[in-house]
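Right, one structure below, let's go through it.
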2 protein chains.
Amino acid sequence: MDLRHISFRLLEVFMSVVKTGSISETARRLHLTQPTVSLQIKRLQEAVDEPLVIMQQQKLHVTEAGHELFRTCQRVFGHFDDYNDFLAELKGGERGRCKIAMVNTAQYILPKLLGPYSNLHPHVELPLEIGNRAEVLARFERGEDDIYVFSHPPSLEHAKAARFLKNPLEFIVPTDHPLANQQHVTLSELVKYRFLLREPGSATRMLFESELQRRGLVLSNSVQMASNEAIRVAVSSGMGIGVLSRHVLPIGDHGFKVLTVSDASLASHWYFVIRTDRHIAHAARSFLTFAQDHLEQYLDGRWVRNELHGLNLSLADQQIC
Amino acid sequence: MDLRHISFRLLEVFMSVVKTGSISETARRLHLTQPTVSLQIKRLQEAVDEPLVIMQQQKLHVTEAGHELFRTCQRVFGHFDDYNDFLAELKGGERGRCKIAMVNTAQYILPKLLGPYSNLHPHVELPLEIGNRAEVLARFERGEDDIYVFSHPPSLEHAKAARFLKNPLEFIVPTDHPLANQQHVTLSELVKYRFLLREPGSATRMLFESELQRRGLVLSNSVQMASNEAIRVAVSSGMGIGVLSRHVLPIGDHGFKVLTVSDASLASHWYFVIRTDRHIAHAARSFLTFAQDHLEQYLDGRWVRNELHGLNLSLADQQIC
DNA sequence: GTTAGTTATAGGTTATTATCTATGGGTTGA
DNA sequence: TCAACCCATAGATAATAACCTATAACTAAC
């Protein structure tokens, strides 16, 4: 039996012939002519090298080989129906995966969106990758993920970015620090103290340093630390001043004090970033649409900057091609 | 997803791509060129309307949709493999059915062949039809069965017949009949008595009557009976003389006596008959070959006339077209 | 930076498929 | 016997599939 040149259309026609028990009737149902169906069946029989139906006293009689082939076809089409269901879910964003890579700071706020989304779409896998800016950037270059979360989006040609949340920076000091109880502090006062900072590539540090440079200020003393947690703990134990995203600060007193700096309001934004030169997973589209619709609901409304509309619009355009 | 124009070849190529993880490698294995495979995959993706494999850092990566399609294909090919096994058995005569229609008298001897055959090929169905000559002839005309067993084969154009067993006729009389103990009896002596005969169409009766006509003899008195059993019983109870196939006579004394008629040796033959204008079931070929090889083994060698060779030879020729 | 290996694309040829219309031949039932 | 069905076959055509070669473009490794 040579399956090679047998198409599913052929099997469809054959099944109809078995079901209706008539070549003419099949032709009518499938909007074909009777000779077409006749010939199709003949071709199939040649491929199988065995008669599938025989005329017997003016009635079409299905042979054993034909019967068994019919059963085989039923099973086969069953599997393809299943596959179609799967595809439908996949395309509808109900199934599949959406790999997200994010910078460290974002790990505190993205779950607030991912949780509700995941509950709504339980069949969507959501693997998360967390790294510093350099690491996430490298992943972006290699196109390893579906969605990237940055502050300071990379300005590469085949990237599309959209802000979704303001990321205000806060200065924190130990509770026993000289500035801890001062009403208004200025940036120039602060730089005399020792600072605890993330690595040079980090968005937080870049933002802070560019502000210092703009103002012609220089830090007298700074220590580099590998994570936001490390900085928080170090500040609490009196090692110096920390500059941290508002979103990573726990609510309530935790051994440090947030300063009100009168002459500096530092803030960056988080962006959802996608590559436009790659196929975008349906689940990723689905998540971004969800985010656009529910940012205000699940994130603190004070900081939300919902600019996802344009991104989703351009994705919808792309979908057509 | 539009299956219509997807052939199994296409799925085969796709499966190989998934298995090898490479388009070039697949091309080499399937003796195609790389662009051919590339294009096939593209076509398949268009049919599914969803990427199945994507290039990621110089490596082919199978998408979710691709993976699921692969699994679907595995199942589908599994079913067709099963079907191929089924076909192989069918074509080898190991499976299927062989419908045999036979005249009444044959029912006593054919089972001696069918039994051993059935044991050898347990998956072959062997439905039997038994009727008088007219009935079997009608079935033959309509082509309802695969093999027919006649004495006096119908001489129709698209029929092929082969003798396999001699069918000698015997005259039986009640044990208390005047002729019962006579050494030699002649036909002309017999016709004075009452005869018990089958219906006019039956081969036995036709043979007997044509012999009478040839000799210019006329029966003085005859009674028609519907079955060989009825005749046997009637003879035993003294109703007259019977003419029966040797093969339907039980061995040993059963209330009647077999005469030795010196001037008449009546015998017909049983034939296997098939229609040559129809497809011959593999099981039927298989049975006829079996019969050719084992006639002498399972039937009384004295009567066997094995002329199946020619029949099977012409069947083998036909098989080619 | 050259080579070797990969995939993608363009352009072309040939074989096959998927259709059709027209027609012939056989059955059935009025 | 004739109309109304059925199926099979012939002959024709347009679309498409299935391939090819040549070539481009990219990446990894030497």
Side-chain angles (χ1 to χ4, degrees), chain A residues 2-14 16-18 20-47 51-63 66 138 141-144 157-158 275 277-279 321, chain B residues 2-14 16-18 20-47 51-63 66 138 141-144 157-158 275 277-279 321:
Chain A
D2 185 17
L3 281 176
R4 284 165 137 66
H5 298 291
I6 293 183
S7 68
F8 286 89
R9 173 61 166 175
L10 208 52
L11 298 182
E12 239 170 56
V13 171
F14 168 69
S16 173
V17 168
V18 172
T20 63
S22 154
I23 287 184
S24 299
E25 180 56 27
T26 293
R28 276 187 294 266
R29 290 199 191 181
L30 303 185
H31 307 292
L32 296 169
T33 59
Q34 170 266 314
T36 299
V37 177
S38 221
L39 225 63
Q40 301 273 46
I41 297 297
K42 201 177 168 188
R43 269 210 324 122
L44 188 57
Q45 289 185 154
E46 272 161 18
L52 300 170
V53 293
I54 50 178
M55 290 301 299
Q56 202 159 269
Q57 300 168 256
Q58 254 34 50
K59 294 194 86 175
L60 213 61
H61 185 255
V62 182
T63 65
E141 294 292 355
R142 292 193 298 265
E144 288 183 30
E157 49 178 339
H158 35 251
R275 293 188 63 131
D277 60 342
R278 262 184 172 55
H279 180 261
C321 63
Chain B
D2 186 16
L3 280 177
R4 285 166 138 66
H5 298 291
I6 292 182
S7 68
F8 285 89
R9 173 61 165 174
L10 208 52
L11 298 182
E12 237 170 57
V13 170
F14 168 69
S16 173
V17 168
V18 172
T20 63
S22 154
I23 287 184
S24 299
E25 180 57 25
T26 293
R28 277 186 295 265
R29 289 199 192 183
L30 302 186
H31 308 292
L32 296 169
T33 60
Q34 170 266 315
T36 298
V37 177
S38 221
L39 226 64
Q40 300 274 46
I41 297 297
K42 200 176 170 188
R43 261 200 342 115
L44 188 57
Q45 289 184 154
E46 272 162 20
L52 299 171
V53 292
I54 49 179
M55 291 301 301
Q56 201 158 270
Q57 301 167 254
Q58 253 34 50
K59 293 195 85 175
L60 212 61
H61 185 256
V62 182
T63 65
E141 293 292 355
R142 293 193 298 267
E144 287 184 31
E157 49 179 337
H158 36 252
R275 294 188 63 131
D277 60 342
R278 263 184 172 55
H279 180 259
C321 64

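Atoms considered below: every heavy atom in the structure, side chains included; atoms not considered: hydrogens, waters and symmetry mates. Source: prediction; values computed, not measured. Order of the sequence lines sets the chain letters (A, B, ...), proteins ahead of strands, with each chain counted from 1.
- Residue A:L44 contributes atom CG, which lies 17 Å from atom C1' of D:dA8 at whole-angstrom precision.
- One finds the CD atom of B:Q45 at 7.5 Å from the OG1 atom of B:T63 (value rounded to the nearest 0.5 Å).
- Within the 4.5 Å cutoff, the side chain of B:L10 has heavy atoms near those of the B:R43 side chain.
- We find that CD of A:Q56 is positioned 18 Å from C1' of C:dT28, with the value rounded to whole Å.
- Distance CG (A:L60) to P (C:dT27): 16 Å, rounded to an integer number of Å.
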Base-contact (B) and sugar-phosphate-only (S) positions in nucleotides 14-21 of chain D, heavy-atom cut-off under 4.0 Å, - elsewhere: ---SSBBB
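- No hydrogens or angles considered: a donor-acceptor pair under 3.5 Å links the side chains of B:T20 and B:T26.
- With sequence neighbours excluded, no residue satisfies side-chain contact (heavy atoms from CB on, under 4.5 Å) with A:L39.
- A straight line from NZ of A:K59 to P of D:dA8 spans 16 Å, rounded to a whole angstrom.
- Rounded to an integer number of Å, the gap from A:E12 CD to C:dT17 P is 17 Å.
- OP1 or OP2 of D:dT9 sits under 4.0 Å from a side-chain N or O of A:K42.
- The distance from atom OG of B:S22 to atom CG of B:L60, rounded to the nearest 0.5 Å, is 7.0 Å.
- With a 4.5 Å cut-off on side-chain heavy atoms, A:I6 and B:S7 do not count as touching.
- When side chains are defined from C-beta on, B:I41 does not count as touching B:L52, because their heavy atoms never get closer than 4.5 Å.
- The closest side-chain heavy-atom distance from A:L11 to B:F8 is below 4.5 Å.
- The CD atom of B:Q45 sits 13 Å away from the P atom of C:dT7 (whole-angstrom rounding).
- Proximity of B:S38 to the phosphate of C:dA8: a side-chain N or O atom is located under 4.0 Å from OP1 or OP2.
- Between B:R9 and B:E12 there is a salt bridge, with a side-chain nitrogen of the basic residue lying less than 4.0 Å from a carboxylate oxygen of the acidic one.
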N/O-N/O pairs, protein side and nucleotides 4-6 of chain C side, under 3.5 Å:
| residue | atom | partner | partner atom | Å |
| --- | --- | --- | --- | --- |
| C:dT6 | OP1 | B:R28 | NH2 | 3.4 |

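- When the P atom of C:dT7 is taken as reference, atom CG of B:L52 falls 16 Å away, rounded to whole Å.
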